[in-house]
Amino acid sequence: MLHAWRWASLLLLLLTAVPAAADPRLPAIFSDHMVLQQQMPIGVWGWAAPDERIEVRLRTQRVSTTAGRDGRWRVTLAPEAAGGPDELVVAGATVTKRFADVLVGEVWVGSGQSNMQWEVRQAQDSDKEIAAGDHPRIRLFSVKRVTSLEPKDDVTPMDAAPTWMVATPASITNFSAIGYFFSRELQRTKDVPIGFIHSSWGGTPAEAWTRRDVLEEDPALQPLLWQYRRYEAEYPSGRYAHDRRQPVIAPALSAWNEAHPTEPPVPGVNAPRGAADDPHRPASLWNAMIAPITPFAIRGVLWYQGETNALRAWDYQRLMTAMIQDWRRAWNRGDLPFLFVQLANFRPNPPTDGATWWAQVREAQRLTLGLPNTAMASAIDIGNPLDIHPLNKQEVGRRLALAARAVAYGDRVEYSGPLYDGMTIEGSRIRVRFRHVGAGLALDTAKGSSFVVAGVDGQFKPAIAVVDGDTIVVSSPAVAAPVAVRYAWEDDPITSLRNKDGLPASPFRTDTF
C-alpha cells in the first residue's frame with residue numbers, strides 16, 4: 001500500500017508541474033460587433049499559455065502562431081475588403097473564442113477632452129437624433145476613463161458598454177456626439193461599415209495624452225514634467241496648487257463653475273494635482289487609454305482638445321506636433337491622418353482685459369497644419385460665448401468628415417475655410433492671401449469685418465475689408481502706414497469671413513507684437 005501511495009503522489013506532482021493550456025485571451029477591443037480596418041494588414045493579438053499554439057481564422061484566412069514564453073502571441077492577417085458580417089475565430093489548444101457579427105470597414109479613433117466626450121443626449125436636437133439613430137453598419141466602442149503610471153496592455157471598456165455597440169437609439173445616447181455624427185456622415189458618403197473608438201477625458205491637457213519619453217527628449221517640453229514634479233511634492237497639501245499658480249484666472253473659472261452646477265466643470269479648477277490617479281499627469285492617459293489600442297489597425301484620428309492648455313498656448317503647437325508624430329510612430333503609420341477641431345468661440349468677457357488665450361491656442365492649432373496629412377475643422381462660428389460646450393456637434397462632425405474625405409480618402413472636396421497664406425503691403429493698404437478659397441471668398445460686412453490693422457507702433461485699429469478676387473484688401477483711415485493685420489483675434493470674435501462653400505476662415509495674425 002505504501003508503494004502505491006508513493007506512485008500516486010509522484011504522479012500527482014508530475015501532473016501539477018505541467019502548466020495547463022490557458023484559454024486564449026484577447027484585448028477588450030476584440031468583441032462581437034467589432035469593425036476591422038479594411039485594406040490594411042489586420043493585427044490580432046493576446047495571451048495564452050506559454051508555447052500554446054494559436055490559430056486565427058477570418059473569412060478564408062487561416063494564420064497560426066505559438067505563444068511566447070511570456071504567453072504573448074500576435075498574428076497579422078492579410079488586408080480584407082469592406083463587408084460582413086463575418087466571424088473571427090481564435091482557437092487555442094483546448095478552447096476556441098468566436099466573435100460574431102464582425103464587419104470590415106473604416107475605423108477611426110476620437111480623443112481629447114470634454115467636447116469630444118460630450119454625449120449625443122447632450123447635443124442639439126438630441127431627442128430627434130436619438131430617435132433616428134438606427135445605423136446597423138456603424139459600430140461604437142468606448143474606452144473607460146482610467147489612468148496609469150506605465151503603459152498598459154489593455155484598455156478598460158466602459159461599464160455600460162463592455163463591447164462594441166451597434167448604433168441604435170438605445171446605444172448611442174451616451175456615446176460621443178462628435179464620434180457618432182462623424183461616423184454617420186462618413187458612412188453616408190463612403191457607404192462602408194464605420195467603427196469609432198472613443199477615448200477621451202474632459203478637462204485634461206495634451207501632455208497627459210503624450211508618451212513620457214517624448215516629453216523627456218524635447219528640452220522645450222521638459223518643463224511640463226518639472227512642473228508636475230512640484231505638484232507631486234505638494235500633494236495632498238498642495239491639492240489646489242494650480243489655482244494658486246494662476247491667481248487671475250482661477251476665481252473667474254470658479255465663478256463660472258458655481259453658476260453652472262449641472263455642467264461639467266471648466267478645465268483647470270480644483271483638480272487633485274499629484275495624486276496617483278490624476279488625469280492631468282503627463283503620459284497618464286496615453287499609458288492607459290491610447291497605448292493599448294495602437295496595435296489595432298485604424299484609418300485615422302480625430303482630436304478635440306486645447307481648452308485646458310489655453311494658459312500655456314505658447315508651447316501648444318510644439319506639444320501637439322510632438323504628440324501627433326509619436327502617435328504615428330506608435331501606430332507605425334507615418335502618414336496616419338490626424339484631424340483636429342479648432343476651438344470654438346467662447347468667453348465674451350475674459351478674466352483680464354485683452355486676454356487672448358484661446359486665440360493663441362487657435363493659432364497654435366492652425367500652425368500645426370504644417371504637418372502633412374493633417375486637417376483642421378474650425379468651430380469658430382458655431383460656439384456659445386457662455387458655454388464651453390457648444391451643442392452643435394452635428395456640424396463639427398460634418399466638417400471633420402469633410403476633412404477625412406479629403407485627407408484620408410482623396411476625395412476632391414473643399415474641406416477647410418480660408419487659411420492665411422501671406423500678405424503684401426500696398427501703401428496704405430494690406431492685401432491678404434488665403435488658401436482654401438474654394439468657390440470664392442464671402443465677407444458678411446453687416447457683422448463688421450473683424451479685421452484690424454496696425455502700424456509700427458503696434459496699436460491696432462478697426463479696418464475696412466474688401467474682397468478682391470481671392471484676396472482681402474484691408475485698410476484704416478487711422479493707420480496711414482499699416483504693417484500688420486489681424487482677423488478675429490479674440491476669444492469670442494465676430495466671424496465675418498468664409499468661403500462660398502460655407503466654411504469659416506480661421507483667425508490669424510501677421511504680427512508678433
Side-chain angles (χ1 to χ4, degrees), residues 106 108-118 123-124 176-190 194 196 198 200 206 299-307 316-317 320-321 323-324 336-346 358-359 361-384 388-420 434-438 487-488 493 495 497-508:
E106 292 297 303
W108 286 80
V109 169
S111 189
Q113 58 181 102
S114 56
N115 272 303
M116 182 62 75
Q117 183 181 321
W118 206 249
Q124 178 177 284
S176 162
I178 286 177
Y180 169 69
F181 295 130
F182 168 84
S183 299
R184 185 179 67 182
E185 181 68 13
L186 199 61
Q187 203 279 321
R188 182 186 69 82
T189 56
K190 306 311 292 182
I194 304 294
F196 194 87
H198 169 226
S200 73
R299 177 64 67 185
V301 173
L302 307 186
W303 177 256
Y304 196 156
Q305 194 275 336
E307 298 93 335
Y316 190 69
Q317 180 197 356
M320 191 172 170
T321 298
M323 187 194 77
I324 293 171
L336 180 72
F338 201 101
L339 319 177
F340 49 90
V341 181
Q342 189 179 45
L343 294 189
N345 53 302
F346 174 62
W358 282 40
V361 170
R362 295 186 193 113
E363 178 180 59
Q365 292 172 318
R366 178 175 62 85
L367 294 175
T368 303
L369 292 172
L371 282 175
N373 270 33
T374 57
M376 181 177 73
S378 181
I380 191 64
D381 61 330
I382 54 176
N384 182 338
I388 201 170
H389 303 112
L391 302 185
N392 188 358
K393 296 297 191 278
Q394 292 90 333
E395 180 62 10
V396 177
R398 187 188 77 86
R399 292 176 185 180
L400 284 167
L402 276 174
R405 290 177 59 192
V407 172
Y409 304 107
D411 293 355
R412 297 179 64 86
V413 294
E414 183 52 85
Y415 64 93
S416 171
L419 297 175
Y420 173 73
F434 297 91
R435 293 179 290 121
H436 295 286
V437 171
Y487 169 74
T495 53
L497 180 62
R498 61 185 59 239
N499 56 30
K500 292 180 180 178
D501 304 89
L503 298 171
S506 171
F508 68 89

Electrostatic pair Glu106:Arg299 at N-O distance under 4.0 angstrom: yes
Heavy-atom check, side chain of Trp358 versus side chain of Ile388, under 4.5 Å: yes
Side-chain donor/acceptor of Thr368 to backbone N/O of Ala364, under 3.5 Å: yes
Note, Tyr180 side chain near Ile194 side chain (heavy atom, < 4.5 Å): no
Distance in Å, Ser378 OG paired with Arg498 CZ, rounded so as to fall on 0.5 Å steps: 9.5 Å
Met376 and Leu419, any side-chain heavy atoms less than 4.5 Å apart: yes
Shortest non-hydrogen contact between Leu336 and Gly300, atoms and distance: CD1-CA, 3.9 Å
Heavy-atom side-chain proximity of Asn384 to Leu391 below 4.5 angstrom: no
Interatomic distance, Ser176 atom OG to Phe181 atom CZ [nearest 0.5 angstrom]: 9.5 Å
Leu339 side chain reached by Tyr415 side chain, heavy atoms, under 4.5 Å: no
Side chain to side chain contact (heavy atoms under 4.5 Å, CB included) between Val437 and Glu414, worked out: CA-CA 9 Å; Val437 171; Glu414 183 52 85; over 6 Å; no
Heavy-atom side-chain proximity of Val109 to Phe196 below 4.5 angstrom: no
Inter-residue atom distance Thr189.OG1 - Tyr409.OH, 0.5 Å rounding: 8.5 Å
Distance-minimising heavy-atom pair for Pro337 and Ala408: CG-CB, 3.8 Å
Spacing of Arg399 atom CZ and Gln342 atom CD [to the nearest 0.5 Å]: 10.5 Å
Separation between OH of Tyr316 and CZ of Arg362, rounded to the nearest 0.5 Å: 12.5 Å
Glu185 side chain vs Glu395 backbone, donor-acceptor pair below 3.5 Å: no
Which atom of Asp501 lies closest to which atom of Gly438, heavy atoms considered: OD1-CA, 3.3 Å
Full working for side chain to side chain contact (heavy atoms under 4.5 Å, CB included) between Glu307 and Asn115: CA-CA 9 Å; Glu307 298 93 335; Asn115 272 303; 2.8 Å; yes
Identified side chain to side chain contact (heavy atoms under 4.5 Å, CB included) partner of Met116 from the options Val341, Ile178, Val396: Ile178
Side-chain heavy atoms of Ile382 within contact of Pro390, under 4.5 Å: no
Shortest non-hydrogen contact from Ser416 toward Asn499: O-ND2, 3.0 Å
Shortest non-hydrogen separation from Ala377 to Leu400 and the atoms involved: CB-CD2, 3.9 Å
Minimum heavy-atom distance between Gln124 and Gln394, given as atom pair plus value: O-NE2, 2.7 Å
Aromatic ring pairing Phe182/Trp108, orientation class (parallel under 30°, perpendicular over 60°, tilted between): perpendicular
Any Asn345 side-chain heavy atom under 4.5 Å of Pro493 side chain: yes
Spacing of CG belonging to Leu497 relative to CD1 belonging to Ile380, to within rounding of 0.5 Å: 12.0 Å
